[in-house]
Amino acid sequence: MSETNQARLHVELTDGPIDFAALTEEVRSPAAGAVVLFLGTVRELTNGRRTVALDYEGYPEMAKAKMLELCRGAAEKWPVVGARVVHRLGHLELGDVSVAVAVSCPHRKDAFEAGRFLIDRLKEIVPIWKKENWADGSTEWVHPGSEFTTELS
């Protein structure tokens, strides 16, 4: 991040609901003409299988460090005014928000690109693991950065 681009960056892990309206307000600024918000939610069907809930676990210190590193990387590549990334840990039900990324930039193209970079890279490198709880009673861990899963009975 250059001295001329002093973006307001914040990352958080939480075990409670994500207040995405507040998150969006935190990145708004008169310097930014665009605010992009991405919400990842617990969906009911994954590859034709019915999900009943998800459980997220992570390595908090490393996860937060990687998330902040990603925000700094976005601010170096795009004119980010503000970026907030919040990920939930613990048990989530269908429809719950699991992750939120809010980014503001002077123009929409940059805001969309920075937001997409943040969520895509977060899913690849941040040490947060997701356990799918299937309707048939089985579970399956999904690891960051790979399609590798381990099915448990």
Side-chain angles (χ1 to χ4, degrees), residues 7-29 32 34-75 77-78 80-105 108-153:
R8 294 173 294 137
L9 311 175
H10 177 78
V11 300
E12 181 182 348
L13 296 173
T14 183
D15 58 1
I18 297 172
D19 184 346
F20 51 87
L23 196 70
T24 303
E25 285 302 310
E26 290 172 10
V27 300
R28 284 178 20 96
S29 164
V35 174
V36 169
L37 174 66
F38 170 83
L39 300 177
T41 61
V42 180
R43 67 179 168 264
E44 185 175 12
L45 293 174
T46 301
N47 297 325
R49 293 182 75 184
R50 189 167 306 281
T51 300
V52 294
L54 297 177
D55 291 294
Y56 284 95
E57 292 184 10
Y59 177 21
E61 295 82 9
M62 182 179 273
K64 286 170 59 176
K66 285 291 186 187
M67 289 161 62
L68 188 56
E69 178 184 308
L70 291 174
C71 286
R72 288 181 178 140
K77 188 167 182 172
W78 294 278
V80 172
V81 174
R84 303 286 189 269
V85 178
V86 180
H87 204 299
R88 284 200 51 192
L89 298 178
H91 187 78
L92 282 75
E93 298 291 333
L94 291 178
D96 285 347
V97 175
S98 59
V99 61
V101 174
V103 180
S104 62
C105 291
R108 69 180 173 271
K109 182 177 186 246
D110 291 329
F112 275 111
E113 289 175 0
R116 181 169 187 152
F117 165 83
L118 286 169
I119 190 59
D120 287 352
R121 292 294 290 148
L122 181 146
K123 292 300 215 172
E124 292 172 0
I125 69 167
V126 175
I128 295 174
W129 300 274
K130 172 175 72 174
K131 182 171 72 171
E132 293 267 5
N133 297 290
W134 304 109
D136 66 7
S138 65
T139 61
E140 189 171 11
W141 283 100
V142 179
H143 302 275
S146 73
E147 295 300 315
F148 174 75
T149 57
T150 305
E151 192 164 334
L152 307 172
S153 33

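We use all heavy atoms of the structure for the numbers below, so side chains are in, but hydrogens, waters and symmetry mates are not.
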Just by distance, do the side chain of [X] and the backbone of [Y] share a donor-acceptor pair under 3.5 Å?
X      : Y      : answer
Asp120 : Phe117 : no
Thr51  : Ala53  : no
Arg50  : Glu44  : no
Arg8   : Glu26  : yes

Measuring only between side-chain heavy atoms, which start at C-beta, is [X] closer than 4.5 Å to [Y]?
X      : Y      : answer
Leu54  : Glu132 : yes
Thr41  : Asp96  : no
Glu124 : Arg121 : yes

Q. Could you go step by step and tell me if Thr46 and Trp134 meet the side chain to side chain contact (heavy atoms under 4.5 Å, CB included) rule?
A. CA-CA 10 Å; Thr46 301; Trp134 304 109; 3.9 Å; yes
(Q) Testing Thr24, Val103, Val81 one by one against Val35 for a side-chain contact (heavy atoms from CB on, under 4.5 Å), which residue passes? (A)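 Going through the options one by one, the only one that passes is Thr24.
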Q) In a check of side-chain contact (heavy atoms from CB on, under 4.5 Å) between Val42 and each of Leu94, Val97, Val52, which one passes? A)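 That would be Leu94.
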Q.
Run the ring-ring contact (aromatic ring centres under 6.0 Å, His included) test against Phe38 and tell me which residues pass, sequence neighbours left out.
A.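 Here no residue qualifies.
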Q: List the steps and the verdict of side chain to side chain donor-acceptor pair (under 3.5 Å) for Ser138 and Arg49.
A: CA-CA 11 Å; Ser138 65; Arg49 293 182 75 184; 3.0 Å; yes
Between [X] and [Y], which heavy-atom pair has the shortest distance, and what is it?
X      : Y      : result
Val27  : Ala102 : CG1-O, 3.7 Å
Val80  : Cys105 : CA-SG, 3.8 Å
Gly115 : Val101 : O-CG1, 4.2 Å
Ala83  : Leu118 : CB-CD1, 4.4 Å
Leu13  : Pro60  : CD1-CA, 3.5 Å
Ile18  : Ala100 : CG2-CB, 3.8 Å

Q. Cut-off 3.5 Å, side chains only: do Ser104 and Arg84 have a donor facing an acceptor?
A.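 Per modelled atom types, Ser104 and Arg84 side chains form no pair under 3.5 Å.
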Between atom [atom1] of [X] and atom [atom2] of [Y], what is the distance when rounded to the nearest 0.5 Å?
X      : Y      : atom1 : atom2 : answer
Arg88  : Asp55  : CZ    : CG    : 10.5 Å
Leu23  : Glu12  : CG    : CD    : 8.5 Å
Leu89  : Ile128 : CG    : CD1   : 5.5 Å
Asp19  : Glu25  : CG    : CD    : 10.0 Å
Trp129 : Tyr59  : CH2   : OH    : 9.0 Å
Lys130 : Thr139 : NZ    : OG1   : 13.5 Å

Q) For Leu122 and Leu70, what are the C-alpha separation, side-chain angles and deciding distance, and is it a side chain to side chain contact (heavy atoms under 4.5 Å, CB included)? A) CA-CA 7 Å; Leu122 181 146; Leu70 291 174; 4.2 Å; yes
Q) Can you say whether the rings of Tyr56 and His87 are parallel (under 30°), tilted (30 to 60°) or perpendicular (over 60°)? A)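 Taking His87 first and then Tyr56, their aromatic rings stand perpendicular (interplane angle over 60°).
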